[in-house]
Amino acid sequence: MTQKERCLKAVAEKVSSCRKCELSKNRKKTVPGTGKPDAKVMVIGEAPGKNEDEQGLPFVGRAGSILDEALEKAGKKREDVFITNVVKCRPPNNRDPRKKEVESCNEYLEKQIKTVDPDIILPVGNHALQRVLSKKKISQHRGKIYKKNGRKYMPTYHPAATIYNRKIRPRFEKDIQKAFEGG
Ligand code: URA
Ligand code: SF4
């Protein structure tokens with residue numbers, strides 16, 4: 001096992017027994033995140049949903065298939081990226097994670113970012129954008145590059161948003177492709 005694999009495993013183990021916030025009460029499984037330990041591209045969603053909570057894996061529902069499709073169109077696979085969420089446990093009834101829950105969970109995300117050390121990080125959707133870059137309105141910021149603490153970020157739409165708003169799907173797919181080209 002490589003150093004990175006060991007580090008990520010240690011994070012996942014800590015998460016699996018974490019009780020730092022209220023979200024630990026109703027979760028079925030923790031969803032620490034998965035993917036390539038030295039991925040160039042890291043995708044950060046908001047929080048696990050129902051399917052994710054049952055399987056312990058991120059983006060396995062409908063939004064996940066849209067993400068997979070976009071990756072495929074960019075000539076990539078899910079295994080080529082590292083995928084995680086701002087919080088690692090499902091909020092009851094999919095409510096928005098609270099500020100203090102995000103703050104409690106942040107150490108895990110930080111450690112994952114530091115370990116994977118990706119070239120570019122994609123917060124997907126309004127909530128991840130707000131939580132990761134303190135910005136609102138994904139439509140204004142998507143596809144643009146931001147630098148924060150020496151890291152490169154490029155927000156894009158949440159794949160689930162492209163279910164209801166089909167015209168943004170090509171933009172989402174374009175952003176995913178652009179991420180692999182370095183942003
Ligand atoms: N939506 C998210 O933001 N994250 C997931 O893991 C699944 C759906
Ligand atoms: Fe711990 Fe994060 Fe789960 Fe809260 S959401 S219990 S901080 S792993």
Side-chain angles (χ1 to χ4, degrees), residues 1-24 27-49 51-53 55-61 63-64 67-68 70-71 76-91 96-135 138 145-156 158-159 175-176 179-180 182-183:
M1 214 192 264
T2 66
Q3 181 66 27
K4 286 188 185 220
E5 282 169 336
R6 263 198 299 278
C7 268
L8 292 168
K9 194 168 164 241
V11 174
E13 273 165 14
K14 274 185 94 174
V15 164
S16 72
S17 59
C18 179
R19 306 253 162 227
K20 284 205 298 173
C21 85
E22 289 223 346
L23 299 183
S24 63
R27 72 182 178 214
K28 288 190 181 127
K29 285 188 177 168
T30 53
V31 184
T34 51
K36 199 171 164 187
D38 56 352
K40 299 262 180 267
V41 176
M42 183 159 171
V43 174
I44 307 180
E46 178 191 4
N51 296 297
E52 290 76 20
D53 181 55
Q55 296 183 42
L57 294 167
F59 284 98
V60 286
L67 175 60
D68 286 339
L71 288 167
K76 301 288 172 182
K77 292 195 195 72
R78 169 173 285 250
E79 295 74 40
D80 296 319
V81 295
F82 192 87
I83 308 175
T84 188
N85 284 298
V86 171
V87 294
K88 318 300 192 200
C89 303
R90 183 193 181 199
D96 293 347
R98 297 181 180 129
K99 193 159 178 254
K100 61 179 183 210
E101 294 161 350
V102 172
E103 281 165 7
S104 305
C105 213
N106 193 250
E107 65 162 302
Y108 305 123
L109 182 61
E110 283 299 317
K111 185 81 183 162
Q112 288 172 323
I113 293 173
K114 224 172 142 182
T115 304
V116 175
D117 193 23
D119 291 345
I120 190 162
I121 300 172
L122 275 60
V124 300
N126 271 313
H127 294 286
L129 174 67
Q130 171 73 45
R131 264 70 196 207
V132 174
L133 290 178
S134 309
K135 291 184 191 301
I138 196 70
I145 304 290
Y146 296 91
K147 290 263 170 74
K148 190 183 164 190
N149 302 328
R151 297 211 172 264
K152 198 161 137 190
Y153 291 85
M154 190 188 71
T156 190
H158 195 288
D175 290 348
I176 295 289
F180 288 100

message: Less than 6.0 angstrom from the centroid, inside 45 degrees of the normal: does K135 satisfy that with respect to the ring of Y153?
response: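 Negative - K135 is either too far from the ring of Y153 or too far off its axis.
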Run the side-chain contact (heavy atoms from CB on, under 4.5 Å) test against [X] and tell me which residues pass, sequence neighbours left out.
X	value
A128	V86, P123
S17	none
L57	T34, Q55, V60
E22	K25, R98, E101

- request: Keeping the roles fixed (side chain from K76, backbone from I176), state whether a donor-acceptor pair exists under 3.5 Å.
  value: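 No, because the side chain of K76 does not come within donor-acceptor range (under 3.5 Å) of the backbone of I176.
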- request: Evaluate whether atom NZ of K20 has more than 12 neighbouring non-hydrogen atoms of other residues, nucleotides or ligands under 6.0 angstrom away.
  value: yes
query: Would you say K148 has more than 12 foreign heavy atoms packed within less than 6.0 Å of its NZ?
result: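 Buried by this count: over 12 neighbours within 6.0 Å.
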message: So, using ring pair (Phe, Tyr, Trp, His ring centres under 6.0 Å) as the criterion, who are the partners of Y146 when residues are at least two apart?
response: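 Residues passing ring pair (Phe, Tyr, Trp, His ring centres under 6.0 Å) with Y146: H141.
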query: Can you name the residues that form a ring pair (Phe, Tyr, Trp, His ring centres under 6.0 Å) with F82, not counting sequence neighbours?
result: none
What heavy-atom pair brings [X] and [Y] nearest, and what distance separates the two atoms?
X	Y	answer
P91	L23	CA-CD2, 3.6 Å
D80	K77	OD2-N, 2.7 Å
A179	L122	CB-CD1, 3.6 Å
V31	P58	CG1-N, 3.4 Å
P155	I138	CB-CD1, 3.6 Å
P48	R90	O-CG, 3.2 Å

message: If the condition is side chain to side chain donor-acceptor pair (under 3.5 Å), which residues does D38 pass it with, not counting sequence neighbours?
response: none
message: Can you list everything that forms a side chain to side chain donor-acceptor pair (under 3.5 Å) with N51? Sequence neighbours excluded, please.
response: none
field: Qualifying residue, where the test is side-chain contact (heavy atoms from CB on, under 4.5 Å) with C7 and the options are Q3, K4, E5, K9
entry: Q3
Could you work out, with salt bridge (charged side-chain N to carboxylate O under 4.0 Å, His left out) as the rule, every residue matching [X], not counting sequence neighbours?
X	answer
R6	none
E110	none
R78	D68
K14	E107

field: E103/K99 salt bridge by N-O under 4.0 Å criterion
entry: yes
